[in-house]
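What follows is a set of notes on a single structure, which appears directly below.
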Amino acid sequence: MRSERSSWGLRVAAYLGVAFLHIPLLLIILYAFTSEDRTYTFPPPGLTLKWFGVAFARQDMWAALWLSVRVATVATLIALALGAMVAAAMARARFRGKDSISLLITLPIALPGIVTGIALLSSIKRAGLEPGLATIVIGHATFCIVTVYNNVVARLRRLSPSQLEASQDLGARPFQTFRYVLLPHLATALLAGGLLAFALSFDEVIVTTFTAGAEQTLPIWLFGELFKPRQRPVTNVVAILVMLVTLLPILLSQRLTQGHEEMDGAGKST
Amino acid sequence: MTATLTPPSIPSLAVELRGLVCTFGTVKSGTVKSGTVKFGTVNAVDHVDLEIRAGEFYSLLGPSGSGKTTCLRLIGGFERPTAGQIRLFGQDVTGQPPYARDVNTVFQDYALFPHMSVLDNVAYALTVRGVDKATRNKRAGELLELVKLSAFASRRPAQLSGGQRQRVALARALVNTPKLLLLDEPLGALDLKLREAMQTELRSIQQSLGITFIYVTHDQGEVLSMSDRVAVFRDGRIEQEGTPQDLYEYPRTAFVADFVGGANVLPGALVGRVGGRFALRPERVEVSADGPGLNASITSVHYLGAQTRLELDANGVSIHALIASSRKFTPGQTVNLRWDAADLRPLED
Amino acid sequence: MAAPFLPKPSLQKPAAHGPLLYRRPVLALLLLLVPPLLWLGVLYLGSLLGLLVYSLYSIDDFTGQVGNVLTLDTLKSLFTAPSNVDVIVRTVLMALIVTLACAVIAFPVAYFVAFHTRGPRKALWVLLITLPLWASYLVRVYAWRLILAQEGVISWVTAKLHLSWLLDEVLRLPVLGGPSLSSSYLGMFLVFVYVWLPFMILPIQAALERVPRSLIQASADLGARPAQTFRRVILPLAVPGVAAGSVFTFSLTLGDYIIPGVVGAPGFFIGQMVYTQQGTAGNLPLAAAFSLVPIVIVGVYLALARKAGAFDAL
Ligand SMILES: Nc1ncnc2c1ncn2[C@@H]1O[C@H](COP(=O)(O)OP(=O)(O)OP(=O)(O)O)[C@@H](O)[C@H]1O
Ligand SMILES: [Mg+2]
């Protein structure tokens, strides 16, 4: 029998677990305001806002941010197109090799990022490509496909197939069925998948170190800052910035995928 | 497009199915063929030939899994035939997608678009044809009036009851005045009273609009009261086709005799014939406590209201009879059975 | 008309007119699949295979260039050179221990969320568990530099609790310890657990969420005490969740090179090995060979996890 009251120990373990997940993030925020810039003295000897000014004055930070935004945007668009296509093919049809395809889609996130990174790097070298925006995008789009795919395929499976049939039945050509029935049904799933992909790309560092060459995305820039002995709180300021840029899309996409639990457009019962 | 000549003497045909086959499952190479069933596949529709006249109310009747829905989906264009030909109003549409066929469907789950209002749902067929907004809303309004839902035009499908959704689906399918309407168990989810009301309503709409209806159901009572003609399906084939009276009075096989109206199927020896099997309707069996006839004992008595159903055992053959409830019998009682020889229908198998 | 006794007419292909994509649905499917499969199959899988090929070459000792003869030497050196074996064993051990610790910490959290929260509270809990995942990997690793530093939070807390002696004792431990937490295997272990923990909680919670409540009631109804129900009904049904979570924690730990670089003891991990070999050392064949290790291990692990039903819990 499920007891409504949880045992004391269980409750404490759960709260501790979640505290463990969040305390480090709070510390990041706290240290952005410390007046000590060489060590990580706790508690901070004093609090100041000056690191925000210092960080925002850094041209290289802005350049890295801009590159990250461009990379994430292009990678997301590619992932949206490719992910939605596989999802459409995989949602209902049964064919041989379907399992292999779903494995192939998940492989880029199932395998360690470093494998993806070095594999792409060796191909880039072999093809004689110059590492840069394009090569970073290739890497990111590869592992972003799966987030779009997961969102879209789940939504497609909730679409009663008779919806699409009804549309055709009433005379809608394929594009019209897409425009009037499929797209409204998928819109929020596409948006949610796209936002996740954006966040994933914006945040990625492991694959990027291999495909970026001399270019610096924001995480790469941040990685370099980690080992600088001075002005350490600047790192924290940028870390907060990165958290915000990734968190907002995530929260938004969670919102978008809520309320789609039941099968859309089917069911006679009221 | 191939022009086809229809002899003017014959009333024009709405639907012609020729040797239609629809196979599901993948045919693996090198598998043994036994009959038409290949290993790993199922012929949901198996060499169906059918002609439906324009303006008919035509029903497809059969037990679950007998291929009715598949047959309907082939006509609508949602399934592609493995073999055979589909002609609608003289034109071969076998390779045509649903949107190119002058057919509309009332889906079993209604398939209303949840993100559109009732009015937009009904107007959809006009929207995709580029009809201007004023015209299509006017036309959709007329259809909503026909199904008595004018007051619900701005609601979403989720805010309607099952019966109301059913009527929206009907209005939506009729908005473009198709020549042929397909209905797959459209009343399946409704309660008995609503069902009966809708049966009458459907029939009168069909007659007033002069549209050909193809109606799928496994409810034989519904079929007998509504249809002009009926095809009885079994394992993907048509077992028998004809008017409701034909099927009820002259079943050709034991399956039809039993499925339509539940007849007794009796061996010839029992009824004084040389061989074969015969159908006998339970209400045509006369039961008397004494007198001449076939000796039988009552195994059980079921009270059905106006009538009572008797289960009987005659020389090891089970027979049932329907009698007026005013007559009293008890289980275990021995009785005599008689019937008019003309009521015995010889069966083919 | 029904003609059940007539011989079957030969199967006739339906007439061929009408839109091609309608008549050949397979074609539509192919059109949808070709672009993504070109990307993933050629660009990505091709690169992985290319990597495999690289591991079949070796570096020429004199020129420092990649030789042009196929050889198994590089792959063999993974298992013959003691330093390489060390790296592999160290990484796999760490991955195993991290996975185990994650499972132990994650289970009560997942259990609590699955069975003792509902409605908006459940949504909030799930959000709280998911959020750190998205708060930037690098930032979360960096946070532990602050925490583990000699002058950082942990030292401060232990000092306040008059437990500094205990911290010193722990740091004096032979393998785990080190000069400070931020350069010890213990510190590295903490960071790994922290960073991958949500990946373990979420699948377990999803698996528990799917345990039909009626099953638990049935078990109680049949006379099982709560502990028995837990051991005989809930735990077995949670196994796929644990398996799914462990795929992540295990695979992610195997391939990570940032955490051992930012926090940790001097010994190399597979990820670092790959990184330095392809970079500063310029030995791409050896880097490729090393990157095959996680591929193979993860492959075997995936196959095992699949048997345990891990993919139903994803
Ligand atoms: N998409 C499909 N894939 C495989 N088999 C199918 C498919 N659709 C139908 N079948 C099979 O074809 C046969 C006929 O199915 P169909 O839906 O036409 O039956 P039905 O007469 O409509 O039954 P019901 O009264 O239960 O609706 C069944 O054996 C069914 O399992
Ligand atoms: Mg059916």
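Labels below follow one simple rule: chain letters A, B, ... track the order of the sequence lines, proteins then strands, and each chain is numbered from 1. Everything quoted here is computed from the prediction, not taken from an experiment.
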Contacting moiety of [X], where chain A heavy atoms sit under 4.5 Å:
{"X": "C/Thr130", "value": "side chain"}
{"X": "C/Leu252", "value": "neither"}
{"X": "C/Leu284", "value": "side chain"}
{"X": "C/Leu146", "value": "both"}
{"X": "C/Tyr275", "value": "both"}
{"X": "C/Ala287", "value": "both"}
{"X": "C/Ile201", "value": "side chain"}
{"X": "C/Ala106", "value": "neither"}

Of all the heavy-atom pairs spanning [X] and [Y], show the shortest one and how long it is.
{"X": "C/Arg145", "Y": "A/Phe227", "result": "NH1-CE2, 4.0 Å"}
{"X": "C/Val139", "Y": "A/Ala239", "result": "CG2-CB, 3.5 Å"}
{"X": "A/Leu10", "Y": "C/Pro108", "result": "CD1-O, 3.6 Å"}
{"X": "C/Tyr44", "Y": "A/Pro108", "result": "OH-CA, 3.3 Å"}
{"X": "C/Trp125", "Y": "A/Ala14", "result": "CZ3-O, 3.8 Å"}
{"X": "C/Trp39", "Y": "A/Ala141", "result": "CZ2-CB, 3.6 Å"}

Requested in this report: Determine, stepwise, if the pair A/Thr116 / C/Leu48 fulfils side-chain contact (heavy atoms from CB on, under 4.5 Å).
Outcome: CA-CA 7 Å; A/Thr116 305; C/Leu48 281 183; 5.8 Å; no
Is it the backbone or the side chain of [X] that comes under 4.5 Å from a heavy atom of chain C, or both, or neither?
{"X": "A/Pro174", "value": "neither"}
{"X": "A/Asn236", "value": "both"}
{"X": "A/Phe202", "value": "neither"}
{"X": "A/Ile23", "value": "neither"}
{"X": "A/Leu16", "value": "neither"}
{"X": "A/Leu251", "value": "side chain"}
{"X": "A/Ile138", "value": "both"}

Query raised in the report: chain A: which of C/Val109, C/Leu32, C/Thr253 shares the most heavy-atom pairs with it under 4.5 Å?
Result: C/Leu32
Requested in this report: Between chain A and each of C/Pro36, C/Gly46, C/Ser47, count heavy-atom pairs under 4.5 Å; write down the option with the most.
Outcome: C/Ser47
Between [X] and [Y] (side chain of the first, backbone of the second, donor and acceptor by atom type, cut-off under 3.5 Å), is there such a pair?
{"X": "C/Tyr194", "Y": "A/Leu21", "result": "yes"}
{"X": "A/Arg126", "Y": "C/Gly50", "result": "yes"}
{"X": "A/His22", "Y": "C/Leu128", "result": "yes"}

Taking every heavy-atom pair that is under 4.5 Å apart, which of [options] has the most such pairs with chain C?
{"options": "A/Leu121, A/Thr209, A/Val238", "answer": "A/Thr209"}
{"options": "A/Ile118, A/Val18, A/Ile124", "answer": "A/Ile118"}
{"options": "A/Val242, A/Thr142, A/Val86", "answer": "A/Thr142"}
{"options": "A/Pro219, A/Pro43, A/Gly17", "answer": "A/Pro43"}
{"options": "A/Leu222, A/Ile206, A/Leu247", "answer": "A/Ile206"}
{"options": "A/Leu196, A/Ile101, A/Val115, A/Val205", "answer": "A/Val115"}

Report task. Step through it carefully: locate the ring centre of A/Phe223, locate the ring centre of C/Tyr142, and say whether they are under 6.0 Å apart. Result -> no
**Report entry** Pairwise side-chain contact, A/Leu82 with C/Pro35, heavy-atom cut-off 4.5 Å (strictly under)
**Finding:** yes
**Report entry** Those residues of residues 292-300 of chain C, ordered by number, that approach chain A below 4.5 Å (heavy atom to heavy atom)
**Finding:** C/Pro294, C/Ile295, C/Val298
